Amino acid sequence: MVKSSLGSGIRTLLVQQFWWALRVPADRMGYDRRGLHTALKVRAHARLDREVHIGLLTGGLRFPNIIDLHAYWANERLERCRVSVDPDPSTADVLWIYSQDPLPPDRLRSIKDAIARARPGTPVINGPEAYDFYHAEDAFRRLEAAGVPVPRSRFGPADHGVKVIWKPVGVQSTTRGPVAYEGDIAGERPFEYLDVAEADGGFARYRACYFLGEVFAASCMRADEPIVRYRNARKIDATWLLTPAEIGHIRRIAEVSGLDFFTVDFLRRPADQSPVFVDINSFTMFKDSSPPGHYGHRHDFDRLRPVDGGPKGAWRGVEQRILDLVRRPRTSS
């Protein structure tokens, strides 16, 4: 066996190359963009003969640890659908836009061109008109008007000194804060800072997933800093439950945004546990850390929990929703 004293990355790479000699069980092998085992699996995926072909549209973006990992595990977990990245659009039964948001003009043109070359009536998950909803200037005002609890996002001279979180406009970058509001900053937009510190001084961020009408509970990350990120999380809870009110708000976000798929991050106010929705992601990194004795990354869909109490994991529900989408009558144009 590979010595445990080796770094986990080196250990994974070695097992990915020599799993056959080490006799590692198949269920302990995950996705690794450098791995031979992964490469051979991807080659086998290209030959899958399944009834529904899902084409992920990236517009030419190369992001293996998000896009290729997502395709890899979809092909491993789905039973009646196969997934490919940027295929000939005319061969796809479903197109799913899956690219870093916001879409710059060149990628958007490429994606629209691919959709135009698809067979008439081919369903598109997260169409171009909705994809960048989160980045729209009025996105949070529209959600607020629809009754979704979101942080205040409009500030003026009377708000100087109020603590805010700053997020970049039109790009993906690091959120910063909380800091005192001292006026608008070009290229950034402020959001009300919500102090959700718990009794132990820690902070929690909840994540849920929406896919074509189905809602899943994902993770709750806890950290010692107000902005909770994967890299500063000291605990990840996968047992918490969504409340009926939270489920309703997530469905309303889908209605307002027009998105078919997204993950959403929210906080819970300590006083009454009421939610406040702070982030919407149409391009989510689902790369899950592998447990000890596994070699390569897993996919977060394995751990999602449907709110209807169905089997753990999202794959069955996702596949059924896609099959239902394909069965709908195609339009003539």
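We use all heavy atoms of the structure for the numbers below, so side chains are in, but hydrogens, waters and symmetry mates are not. Source: prediction; values computed, not measured.
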Is any side-chain heavy atom of [X] closer than 4.5 Å to a side-chain heavy atom of [Y]?
| X | Y | result |
| --- | --- | --- |
| Asp308 | Glu214 | yes |
| Phe18 | Val24 | no |
| Asp68 | Val42 | no |
| Ser153 | Arg189 | no |
| Asp32 | Tyr295 | no |
| Tyr31 | Asn65 | yes |
| Ile54 | Tyr98 | no |
| His45 | Arg82 | no |

- Query: More than 12 non-hydrogen atoms from neighbouring residues, nucleotides or ligands closer than 6.0 Å to CZ on Arg316, yes or no?
  - Reply: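 No, not enclosed.
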
Whichever hydrophobic residues join [X] through chains of side-chain contacts under 4.5 Å:
| X | result |
| --- | --- |
| Ile236 | Ile165, Tyr193, Leu194, Val196, Phe203, Met221, Ile227, Val228, Tyr230, Leu267, Val276, Val278 |
| Leu241 | none |
| Tyr134 | Phe133, Phe140, Leu143, Val148, Val150, Phe191, Tyr206, Tyr210, Val215, Trp240, Leu242, Ile247, Ile250, Ile253, Val256, Leu259, Phe262, Val264, Phe266, Phe277, Ile280, Val307 |

- Message: I need the full list of side chain to side chain donor-acceptor pair (under 3.5 Å) pairs touching residues 136-148, with sequence neighbours left out, sorted by first then second residue.
- Response: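 Qualifying pairs, neighbours excluded: Glu144-Arg154.
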
Of all residues at least two apart in sequence or in a different chain, which pass the side-chain hydrogen bond (donor to acceptor under 3.5 Å, both in side chains) check with [X]?
| X | result |
| --- | --- |
| Asp200 | Arg234 |
| Arg298 | none |
| Arg28 | none |

- Task: Give a yes or no on whether the ring-centroid distance for Phe301 and Phe286 is below 6.0 angstrom.
- Result: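 Aromatic pair counts; centres sit under 6.0 Å.
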
- Message: Please confirm whether the ring centroid of Trp96 lies under 6.0 Å from the ring centroid of Phe261.
- Response: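 Centroid distance Trp96-Phe261: below 6.0 Å, so yes.
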
Is a side-chain donor or acceptor of [X] paired with a backbone partner of [Y] at a separation under 3.5 angstrom?
| X | Y | value |
| --- | --- | --- |
| Arg328 | Pro123 | no |
| Tyr72 | Arg33 | no |
| Arg222 | Asp237 | no |
| Glu319 | Glu79 | yes |
| Asn281 | Thr284 | no |
| Arg50 | Cys81 | yes |
| Arg207 | Ala217 | no |
| Arg77 | Asp302 | no |
| Asp132 | Leu103 | yes |
| Glu192 | Pro151 | no |

- Task: Tell me, please, which residues at least two apart from Trp166 pass ring-ring contact (aromatic ring centres under 6.0 Å, His included).
- Result: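 For Trp166, no residue satisfies ring-ring contact (aromatic ring centres under 6.0 Å, His included) once neighbours in sequence are set aside.
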
- Taking only residues two or more places apart in sequence, or in another chain, which ones meet His37 in a ring-ring contact (aromatic ring centres under 6.0 Å, His included)?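 Per chain and number, His37 pairs via ring-ring contact (aromatic ring centres under 6.0 Å, His included) with Trp19.
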
For the residue pair [X] and [Y], what are the closest heavy atoms and their distance?
| X | Y | result |
| --- | --- | --- |
| Ala92 | Thr122 | O-CG2, 3.9 Å |
| His53 | Ser84 | NE2-OG, 2.6 Å |
| Gln100 | Arg107 | O-NH1, 2.7 Å |
| Gly59 | Ser110 | CA-OG, 3.7 Å |
| Ala114 | Pro89 | O-CB, 3.1 Å |
| Gly170 | Pro102 | O-CG, 3.0 Å |

Review item, side-chain donor-acceptor pairs of residues 180-188, under 3.5 Å, at least two apart:
residue	atom	partner	partner atom	Å
Tyr181	OH	Asp184	N	3.4
Tyr181	OH	Asp184	OD1	2.8
Glu188	OE1	Arg176	NE	3.1
Glu188	OE1	Arg176	NH2	3.4
Glu188	OE2	Arg176	NH2	3.4

- Query: Given Ile111, which of Ile97, Asp86, Asp106, Leu95 fulfils the side chain to side chain contact (heavy atoms under 4.5 Å, CB included) condition?
  - Reply: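 It is Ile97, the one option of Ile97, Asp86, Asp106, Leu95 that forms the side chain to side chain contact (heavy atoms under 4.5 Å, CB included) with Ile111.
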
Carboxylate-amine/guanidinium contact [X] [Y], below 4.0 Å:
| X | Y | value |
| --- | --- | --- |
| Arg119 | Asp93 | yes |
| Asp159 | Arg152 | yes |
| Arg117 | Asp113 | yes |

- Among residues two or more places apart or on two chains, list those pairs meeting salt bridge (Lys or Arg N to Asp or Glu O under 4.0 Å) that have a residue in residues 251-261.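 Those involving residues 251-261 are Arg252-Glu255.
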
- Query: Does any pair with a residue in residues 266-281 pass salt bridge (Lys or Arg N to Asp or Glu O under 4.0 Å), and if so which ones, sequence neighbours excluded?
  - Reply: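 For residues 266-281, and leaving out neighbouring residues, the salt bridge (Lys or Arg N to Asp or Glu O under 4.0 Å) pairs sorted by first residue read Glu246-Arg268.
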
- Thr38: which of Arg43, Gln16, His297 passes side chain to side chain donor-acceptor pair (under 3.5 Å):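 So the option named by the test is Gln16.
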
